[in-house]
Amino acid sequence: MITVNQLSKAYGAVQALHDVSFQIGAGEIVGLLGPNGAGKTTLIKILTGYLQPDSGQATIDGLDVLTHPLEVQARIGYLPENAPLYPELSVQAYLKMMADLRQVPPEQLQARISAAVFATGLSEHLTRPIGQLSKGYRQRVGLAQAILHQPRLLILDEPTVGLDPTQIVEIRHLIRRLAQHSTVLFSTHILPEVEALCDRVLILMRGEVKVDARLAELASANRVLLTLEGKTADPTPTLAALPGVTQVEKLPKANGRVTYRIHGANGADLPPTIYQAAASHGWPLRELRQETQTLESIFSQLAG
Ligand code: ATP
């Protein structure tokens, strides 16, 4: 559904995106995670045809976003970071205006508005001016306009920002319902949001994709942390040669101790093998433990 190939974008001296590549298949719910200034909005604006990249290519449903902007926008439901809602219009009048702008055929207009209103739970607020709605309900109006033309792809820029906990839960339920019929890409800097909603996460940091993984893969990653006390010969070659070990990383020294992160193949039972190696080589063992990977631990490792 989305193919992004070596996209780069700079604003003057600020490199907002650098060589970003990924693909998203139809039906996936993907969280685009990153700290402030990581480049999420820039990427979303390029995908939705609101901004031109300096280099690289993005296609939606096989169509280049630069050369086919109208066809691409017809396939996308987009909720921008600050959705331009008209406070004086009623929900109904606003949705009708947006349906007209999206060239929904007149004979389908009423049915499309009703479907969007039903999906977003706005039925009781149709006649109220948008400016009088709570922020959560205004966000629903933003989502309703995004789905009016029954897009196959929903792109949502921080859909829960500024909402209270109850509203956040409601909007998450809503996104999950919408994802039954559409591919969803949404940006956020809230880790539990990704865990609650997504099949897959893309972590963007300083304009680069640092992680592109299924959440299930992250949870099942097989990694062990080995901490050795004091000075000892570098155990990396020995560790790397152990059965089931795929990679060894040396972490920065702390308190005179050195920690190694040892990656294992799926199903490899690393701790006993590493323990035996430590015993037979006389390594001053301080700690040996399986590392559980969460989005939070990955994020802090990347930030570190
Ligand atoms: P946030 O989570 O804070 O919304 P983001 O991940 O969406 O951040 P972007 O808004 O894409 O990040 O910004 C990426 C970088 O580009 C930042 O350093 C930002 O200051 C810069 N930037 C974004 N828009 C512009 C602009 N119009 N002019 C100059 N710099 C910009």
Side-chain angles (χ1 to χ4, degrees), residues 2-24 28-60 65-66 69 72-73 76-85 135-136 138-139 142-143 145-146 153-165 167-168 171-172 175 183-198 200-213 215 218 294-304:
I2 304 180
T3 302
V4 167
N5 204 2
Q6 297 186 304
L7 269 193
S8 292
K9 172 75 190 173
Y11 303 99
V14 178
Q15 190 69 44
L17 291 179
H18 177 65
D19 222 6
V20 167
S21 300
F22 61 86
Q23 292 192 354
I24 294 178
E28 287 192 272
I29 309 187
V30 180
L32 180 61
L33 190 64
N36 289 129
K40 304 179 296 294
T41 299
T42 302
L43 176 61
I44 284 178
K45 282 186 179 163
I46 292 173
L47 292 178
T48 50
Y50 288 89
L51 193 66
Q52 288 210 353
D54 297 334
S55 58
Q57 195 195 29
T59 61
I60 304 282
V65 298
L66 278 182
V72 164
Q73 281 171 6
I76 297 178
Y78 174 36
L79 178 70
E81 201 172 5
N82 300 302
L85 303 172
K135 197 162 167 42
R138 285 205 298 276
Q139 201 68 332
L143 281 166
Q145 67 76 29
L153 171 63
L154 277 174
I155 298 188
L156 315 172
D157 199 352
E158 301 195 22
T160 58
V161 76
L163 302 186
D164 73 29
Q167 292 167 336
I168 288 176
I171 295 292
R172 282 184 193 162
I175 293 172
T183 306
V184 178
L185 172 68
F186 74 93
S187 74
T188 180
H189 22 73
I190 306 170
L191 304 178
E193 191 130 293
V194 174
E195 279 160 344
L197 278 174
C198 298
R200 188 174 147 203
V201 63
L202 285 171
I203 300 183
L204 208 57
M205 291 228 170
R206 291 177 289 277
E208 294 184 29
V209 175
K210 294 291 188 188
V211 174
D212 176 356
L215 290 188
L218 291 181
T294 60
L295 267 185
E296 199 174 331
S297 66
I298 293 169
F299 211 75
S300 42
Q301 270 166 36
L302 287 171

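Positions are given from 1, in the same order as the sequence printed here. For ligands, and for the atoms within them, numbers begin at 1 and follow the listed sequence. Values below: all heavy atoms of this structure, side chains included; hydrogens, waters and symmetry mates excluded.
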Can you report which non-hydrogen protein atom sits closest to [atom], along with the distance?
atom: atom 3 (O) of ligand 1; result: Asn36 ND2, 2.8 Å
atom: atom 9 (P) of ligand 1; result: Thr42 OG1, 3.7 Å
atom: atom 10 (O) of ligand 1; result: Thr41 CB, 3.7 Å
atom: atom 18 (O) of ligand 1; result: Val14 CG1, 3.5 Å
atom: atom 26 (C) of ligand 1; result: Tyr11 CD2, 3.4 Å
atom: atom 4 (O) of ligand 1; result: Glu81 OE2, 3.3 Å

Practice task
Under 4.0 Å, heavy atoms only, figure out whether ligand 1 is touched by the backbone of Pro35, its side chain, both or neither.
Solution key: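 Under 4.0 Å from ligand 1, Pro35 contributes backbone atoms alone.
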
Exercise for the section: Please determine, by modelled atom types, if Asp19 and Ser8 share a side-chain donor-acceptor pair under 3.5 angstrom. Expected result: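 No, because no side-chain N or O of Asp19 sits under 3.5 Å from a partner of the opposite role on Ser8.
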
Exercise for the section: Check whether the side chains of Gln73 and Thr48 place a donor and an acceptor atom closer than 3.5 Å, and report yes or no. Expected result: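 No, because no side-chain N or O of Gln73 sits under 3.5 Å from a partner of the opposite role on Thr48.
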
Please check whether [X] reaches ligand 1 - meaning an N/O of the residue sits under 3.5 Å from an N/O of the ligand, judged on distance alone.
X: Ala16; value: no
X: Ala38; value: yes
X: Gly37; value: yes

Practice task
Could you list which atoms of ligand 1 come closer than 4.0 Å to a heavy atom of Glu158?
Solution key: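 Within the 4.0 Å cut-off of Glu158, ligand 1 contributes 1 (P), 2 (O), 4 (O).
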
Exercise for the section: Using a distance threshold of 4.0 Å (strictly less than), state whether atom 15 (C) of ligand 1 has a protein heavy-atom neighbour. Expected result: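 Under the 4.0 Å cut-off, atom 15 (C) of ligand 1 does have protein heavy-atom neighbours.
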
Practice task
Ignoring hydrogens, tell whether any protein atom lies closer than 4.0 Å to atom 20 (O) of ligand 1; use the non-hydrogen atoms only.
Solution key: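 Flag for atom 20 (O) of ligand 1 set to false, no protein heavy atom closer than 4.0 Å.
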
Handout entry: Ion pair check, Lys45 and Asp157, cut-off under 4.0 Å
Key =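 Salt bridge absent between Lys45 and Asp157.
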
Handout entry: Salt-bridge criterion met for Glu208 and Lys210 (N-O under 4.0 Å)
Key =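 Looking at Lys210 together with Glu208, the answer is yes, because their closest N to O distance falls below 4.0 Å.
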
